[in-house]
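What follows is one structure encoded as structure tokens, with my remarks underneath.
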Amino acid sequence: MRPYLLGVPPYANTAPLYRYLKPSKTLAFRHGVPTQLNGWVLKGEVGLSLVSSYFFLQNQDLLVALPDFSVAVLGRVYSVNLFHKKPLPELSRVALTTESATSVALLKWLLKEEGAQPTYERRAGGVELLSEFDGVLLIGDRAIAAYARLLPALPSYPEALPTRFGEVWVSDLSMLWFQKTRLPFVFALWAARKDLLPPKPVVERMRRARRRGLAHLGQVAKSEADRLKVQPALMEHYLWNFRYHLEAPDLLGLEAFAQVLGLPFRIRFSE
């Protein structure tokens, strides 16, 4: 029998969920960025996957979500950042990540709320794109690593982390969302096609792995910090900031995101 295939993004913020989830004869991983994972789960090429919230909301009639898993944040997320050289209302040309649709949709709504009407272009790259654009949207490991490189030293308490470095501002999209809605922002959910429900033993293994990952968050953070070559204390603060359980406030945030996108909200769960 072929192993059940789980879609997993290669980002530090998901490491607590699967660090202690080991491949076996019955379970295998397929790694990809969110835009890849979205397509794989819809085609049935993976059974269960982390998918972006924007993709999930667009395909609610085809998908079911695990009822107690999410990648969400209340306030700053540190890894969905717009690096920019002008105040938000003055931005005229913005480079967009090629890895995520959710962050792009969120940014466009936030900038519209700020009165900005920039042109957008999908571009692979990093902060160096600021030589061509007023702003650059980065997500995941690329964003946290870019922020860490700008940070001269880690403050004694994380709340003091700066958001401006010379001529470069760093706007955290999750914090901008919170300031406007006072709600968490759900970046991703575990989802499957409703005709390909995940086996219960796989879901139970995922729950045990999450529990262990959160119980050993310092070890997970140290490993991810070494991989990305960032300060371990910054990585630890980054990871403990996430909400991994899709609780009632997260569902309210997800519903609010659906509303601003003009989409219905009729989430269905796998169990």
Side-chain angles (χ1 to χ4, degrees), residues 8-19 31-38 50-55 70-84 94-107 110 123-130 135-151 154-155 158-165 168-179 184-189 213-214 217 220-244 250 253 257:
V8 179
Y11 298 143
N13 62 4
T14 57
L17 298 176
Y18 68 85
R19 176 57 51 85
H31 294 275
V33 299
T35 48
Q36 292 175 313
L37 296 174
N38 295 342
L50 266 173
V51 301
S52 68
S53 57
Y54 179 60
F55 169 82
S70 66
V71 178
V73 173
L74 180 66
R76 293 178 72 177
V77 65
Y78 302 101
S79 61
V80 181
N81 292 331
L82 181 69
F83 297 83
H84 53 107
V94 174
L96 301 174
T97 176
T98 59
E99 298 179 15
S100 168
T102 295
S103 59
V104 169
L106 177 58
L107 175 66
L110 290 169
R123 289 285 294 273
V127 177
E128 71 278 359
L129 290 172
L130 284 175
V136 178
L137 175 64
L138 300 179
I139 71 160
D141 293 352
R142 192 187 298 271
I144 194 71
Y147 181 81
R149 285 194 293 271
L150 289 172
L151 193 65
L154 196 65
E159 290 76 9
L161 287 172
T163 57
R164 187 169 184 179
F165 303 88
V168 177
W169 280 277
V170 182
S171 290
D172 187 305
L173 268 58
S174 182
M175 177 56 82
L176 294 177
W177 168 264
F178 171 73
Q179 289 170 347
F185 190 83
V186 178
F187 287 96
L189 307 90
L214 295 178
L217 195 62
V220 176
K222 176 64 166 60
S223 176
E224 291 300 305
D226 291 345
R227 181 176 67 85
L228 296 179
K229 297 179 173 56
V230 304
Q231 304 95 323
L234 175 63
M235 180 59 67
E236 190 170 84
H237 176 72
Y238 169 56
L239 292 182
W240 79 42
N241 207 37
F242 281 92
R243 302 168 59 87
Y244 291 114
D250 307 306
F257 188 44

Open item on the list: Whether the side chain of T97 engages the backbone of L137 through a donor-acceptor N/O pair (distance < 3.5 Å, no angle test) should be reported.
Closed with: no
Check your understanding: With a 3.5 Å cut-off and no angle check, do the side chains of D172 and T163 form a donor-acceptor pair?
Key -> no
(message) Please evaluate residues V170 and Y78 with respect to the criterion side chain to side chain contact (heavy atoms under 4.5 Å, CB included), reporting the C-alpha separation (whole Å), side-chain torsions for both, the decisive distance (0.1 Å), and the verdict.
(response) CA-CA 9 Å; V170 182; Y78 302 101; over 6 Å; no
query = Got a donor-acceptor contact below 3.5 angstrom from the S52 side chain to the A101 backbone?
reply = no
When every non-hydrogen atom of A221 is compared with those of L239, the smallest separation belongs to CA-CD1, 3.8 Å
Rounded to the nearest 0.5 Å, the CG atom of L217 sits from the CZ atom of R19 at a distance of 10.5 Å
Side chains of V80 and S174: does their closest heavy-atom pair fall under 4.5 Å?
no
Here the pair of heavy atoms bringing A124 nearest to L129 is O-CD1, 3.9 Å
Closest non-hydrogen contact found for P10 with D141 is O-OD2, 3.1 Å
Tightest non-hydrogen contact, residues A225 and P232, listed as CB-CA, 3.6 Å
d(R227 CZ, M235 CE) to nearest 0.5 Å is 7.0 Å
Value for CG (L173) from CZ (R76), rounded to nearest 0.5 Å, stands at 12.5 Å
inquiry  = Pair F185, V73 - check side chain to side chain contact (heavy atoms under 4.5 Å, CB included), show working.
reply    = CA-CA 6 Å; F185 190 83; V73 173; 5.9 Å; no
In terms of heavy-atom contacts, R243 and L74 come closest through CD-N, 4.0 Å
Rounded to the nearest 0.5 Å, the CZ atom of R149 sits from the CD1 atom of I144 at a distance of 11.0 Å
Evaluate the criterion side chain to side chain contact (heavy atoms under 4.5 Å, CB included) for residue pair W240 and L214; output intermediate values, then yes/no. CA-CA 8 Å; W240 79 42; L214 295 178; over 6 Å; no
Checklist entry - Does the side chain of V94 reach to within under 4.5 Å of the side chain of L107, using non-hydrogen atoms? => result yes
Taking every heavy atom of S79 against every heavy atom of N13, the minimum-distance pair comes out as OG-ND2, 4.2 Å
Output for pair (S70 OG, F187 CZ), nearest 0.5 Å, gives 11.0 Å
- F55 versus L37: any side-chain heavy-atom pair under 4.5 Å? no
Residue set satisfying side-chain contact (heavy atoms from CB on, under 4.5 Å) with L138, at least two apart, ordered chain then number -> F83, V127, V136, R142, A143, A146
Trace of the side chain to side chain contact (heavy atoms under 4.5 Å, CB included) decision for V71 with L17
CA-CA 10 Å; V71 178; L17 298 176; 4.1 Å; yes
Residues passing the side chain to side chain donor-acceptor pair (under 3.5 Å) test with T14, sequence neighbours excluded, are none
CG (L106) and CG (L176) are apart, to the nearest 0.5 Å, by 8.0 Å
* Give a yes or no on whether the backbone of P34 and the side-chain of N38 come within a donor-acceptor separation of less than 3.5 Å. => yes
**Aromatic ring pairing F257/W177, orientation class (parallel under 30°, perpendicular over 60°, tilted between)** = perpendicular
